[in-house]
Amino acid sequence: MSELTITPSGDAALVADLTRRAWHGTVDPRSSGHRLTVDDVVGLLAAGTVALVALDGSGAHARPLGSVLLEPDGTDLTLMKLAVPDERGRGVAGALIEAAVAEGRACGAGRLVLAVSQLQAGLARFYARRGFVVAPGARYRRAAPGSLPPIVMHRALRAGEPLDDPVGDAVAALGRGALVVLPTETVYGLGALASDPVAVRRVFATKGRPVDHPLIVHLAGADALDAWAVDIPGDARRLAAALWPGPLTLVLRRAPSVPLEVTGGLDTVAVRVPAHPVALAVLGLLPPGSGVAAPSANRFGRVSPTTAAAAQAELGGLLLEGDRILDGGPCAVGVESTILDLTADRPTVLRPGGCEVERIEAVLGRPVERVASGPARAPGMLAAHYAPMAGVVLTDADGLAGAVARAAAPVGVLAPPDAAAVAPGSAVRLEAPDPYDGAGLAPVLYARLREADARGLATLVVVVPEERGLGWAVADRLRRAATGSGGPGARTRSA
Ligand code: TXA
Ligand code: MG
C-alpha cells in the first residue's frame with residue numbers, strides 16, 4: 001500500500017538519507033551542514049518515494065521526535081523529518097503541502113499523510129483549511145515512553161475535489177452563539193465562546209451540568225493568557241512555555257472580564273491550550289485573545305467521548321440546528337487534562353490527567369501537591385463520575401479469576417493480555433494494550449467503558465494498572481467509574 005509513489009531521480013537520495021538518519025536520531029539536519037530547504041523537500045517529493053511526510057512544524061525540536069517511530073503498517077515508505085524555522089513555518093508547510101497534493105493527484109495517489117510533532121495555531125489553521133483530518137487509529141505511530149505521539153493527519157486526494165472548510169464553518173457557528181463539539185488531544189469538548197454568557201449557559205443546560213461547576217477556557221496560545229487571568233505567577237509562564245499546547249490545565253486568578261458563568265462564580269479561572277490541530281485551527285481563526293469554554297462533550301457524570309461518534313451518541317440529540325460537530329479522529333491522549341491549581345500556597349494537582357505530574361515537577365524543579373480537591377472545585381473529582389451503565393469492578397491481576405467468578409453475568413474483562421485464570425466462556429475479554437500500563441490504557445479506556453455498555457455487559461472487571469505516569473489518571477478514572485457505575489437504568493450489578 002503506497003500512498004504516494006513517484007519515480008526517483010536527482011539529489012533525493014542524499015536528502016532521503018539525511019532525513020532518515022535525522023528521524024532515527026543519528027543526525028540533526030540543522031547541525032549537520034546539510035540544512036534542508038523547501039526545494040530539497042519539494043524535490044524529494046517530486047523525485048522520491050515519499051508517501052509519508054513527517055514535518056516538524058515547530059522547528060525547535062521541542063519534543064524528542066527522534067524517539068518517535070512512525071509505523072506505516074508494513075508500507076515501504078520514506079520517512080522524512082524536516083526542521084522548519086519558526087518564522088517561516090507556514091510558508092514551508094504551504095510549499096510542501098501544495099507540492100505533495102499536486103504530485104499525489106498527478107500520480108493518482110488516494111491519500112496524503114502528514115505527521116507533525118507539535119502545531120502552532122497558524123500551521124494548524126493551514127492544514128485544517130486544506131481539509132486534513134487526524135488519521136483514525138494509532139497504526140501510524142508508536143511513541144517512546146514519556147513522549148506524546150505525533151499528530152498524524154491525512155486527506156483524500158481526489159482530483160478536482162473542492163477544499164471544504166468545516167473549521168471556518170464551526171468558527172462562524174461559535175460567532176453566532178452556537179455550540180461546537182470539537183476534538184482535543186484529551187477528549188472531545190462541547191464548546192461555546194467563553195465571552196458569550198448565553199452560549200455558555202446552553203453548555204450547562206445541554207450537558208445537564210450543575211451551574212456552579214466551572215468550565216475550562218481553551219486558548220490559541222499562551223499569549224492569550226493575560227486576557228483571561230491576572231497575577232499570573234512565573235510558574236504558570238514556565239509551564240505554559242514548556243507544556244502547551246498540551247493536556248495541562250492551569251487554575252489562575254480570574255481577570256475581571258471573565259463571565260462568572262464560565263467560572264461557576266469562582267474568582268479563579270481554568271485555562272489551557274489544546275494540542276489538536278482542529279482545536280487549534282478553530283481557536284486560531286477566532287479574534288485574538290478569544291477563548292472557547294468547553295467541558296467534555298458528555299452528559300454530566302458519564303464517560304467522556306474520545307471520538308466524534310461517541311460525542312454524537314452522547315449529545316447529538318440535544319444539539320440544535322446551527323450547532324456543529326467537528327470530527328478530528330480518535331483522541332490521542334484519551335483522558336482529560338491534568339488540572340494544576342497555581343492559586344494555592346503550593347502548586348496542587350486537582351485532577352490527574354494527560355500530563356504526567358512527573359513532567360510538571362521537572363519543569364517547576366520541585367514537587368507538587370497531589371491533593372484531590374473538594375467537589376465544588378473540580379466536579380471531575382466527584383467520587384462517582386466517568387461511569388458506564390455496566391457495573392465496574394476493580395481488581396489486581398491475582399484477584400482477577402475470583403472477581404470474574406463473583407461478578408454478575410454477562411461479564412467483560414479488561415486485563416493484561418497475559419493475565420490468565422479466566423475460565424473459557426465465562427467472560428468476554430476486551431482488547432487490552434500490551435504493555436498494560438497507563439500510557440497504553442489511556443487512549444482506549446473510555447472506548448472500552450463504552451464498549452461494555454454496547455455489548456450489554458452487566459459487569460466489567462478491570463485490572464488496575466500501576467499508578468506511574470499516566471497510570472495515576474487511568475486508575476483515578478477507573479475508581480470513579482467503579483463508584484458511579486450502575487446508575488439509574490443500569491443493568492444488574494455485582495456487589
Ligand atoms: O481535557 C480536558 O480538560 C477536557 C477537554 C475538552 O479540554 N475538558 C474537560 O472539561 O475535562 P470538564 O468540564 O469535563 O472538566 C473541567 C474540570 C472540572 O473538574 C472543573 O471543576 C475544573 O476543570 N475547573 C474548571 N475551572 C476551575 C477552577 N476555576 N478551579 C478549579 N477547578 C476548575
Ligand atoms: Mg468532564
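Throughout, numbering of the chain's residues begins at 1 and tracks the sequence. Just follow the structure's listing: the first ligand is 1, and inside any ligand the first atom is 1. Both backbone and side-chain heavy atoms feed into the values below; hydrogens, waters and symmetry mates do not.
- For the residue pair Glu261 and Phe204, the shortest heavy atom distance occurs at O-CE1, 3.4 Å.
- With hydrogens and angles ignored, the 3.5 Å screen pairs no side-chain donor or acceptor of Asp323 with any backbone N or O of Val180.
- Evaluated by nearest non-hydrogen atom to atom 30 (N) of ligand 1, the leading choice among Leu340, Asp341, Val269, Val251 is Val251.
- Evaluation of the side-chain hydrogen bond (donor to acceptor under 3.5 Å, both in side chains) test over residues 174-187, restricted to residues two or more places apart or in two chains, returns Thr184-Thr186, Thr184-Arg272, Glu185-Arg272, Thr186-Arg272.
- The salt bridge (Lys or Arg N to Asp or Glu O under 4.0 Å) analysis of residues 307-316, with sequence neighbours excluded, yields the pairs Arg299-Glu314, Glu314-Arg450.
- Close approach to Ile339 involves these atoms of ligand 1, each under 4.0 Å from a residue heavy atom: 17 (C), 22 (C), 23 (O).
- Residue contact check for ligand 1: His218 places a non-hydrogen atom closer than 4.0 Å to it.
- With a 4.0 Å heavy-atom cut-off, ligand 1 is reached by no atom of Thr263.
- Proximity of Leu266 to ligand 1 is established by a heavy-atom distance of less than 4.0 Å.
- The Mg ion (ligand 2) lies at 2.8 Å or more from every N, O or S atom belonging to Asn298.
- Ligand 1 is approached by Ala294 to a heavy-atom distance shorter than 4.0 Å.
- Ligand 1 places these atoms under 4.0 Å from at least one heavy atom of Leu215: 25 (C), 26 (N).
- When all heavy atoms of Val200 and Ala293 are compared, the pair lying nearest together is CG2-CB, 4.4 Å.
- The shortest heavy-atom distance from Arg351 to ligand 1 is under 4.0 Å.
- Polar contact check, Lys207 against ligand 1: no nitrogen or oxygen pair lies under 3.5 Å apart.
- Those atoms of ligand 1 that come under 4.0 Å of a heavy atom in Thr268, given as number and element, are 28 (C), 29 (N), 30 (N).
- Atom CZ of Arg468 is surrounded by 12 or fewer heavy atoms from other residues, nucleotides or ligands within 6.0 Å.
- Checked by distance only, ligand 1 and Arg272 come closer than 3.5 Å through their nitrogen or oxygen atoms.
- The minimum heavy-atom distance linking Val335 with Gly353 is given by the pair CG2-C, 4.2 Å.
- For CD of Glu467, the number of neighbouring non-hydrogen atoms (other residues, nucleotides, ligands) closer than 6.0 Å is greater than 12.
- Among Pro183, Ser337, Cys355, the residue whose heavy atom lies closest to atom 2 (C) of ligand 1 is Ser337.
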- How far apart are the C-alpha atoms of Thr268 and Arg253, what are their side-chain angles, what is the distance that settles it, and do they pass the side chain to side chain contact (heavy atoms under 4.5 Å, CB included) test? CA-CA 4 Å; Thr268 56; Arg253 301 245 161 258; 4.0 Å; yes
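- Between Glu336, Arg209, Arg253, it is Arg209 that holds the heavy atom closest to atom 12 (P) of ligand 1.
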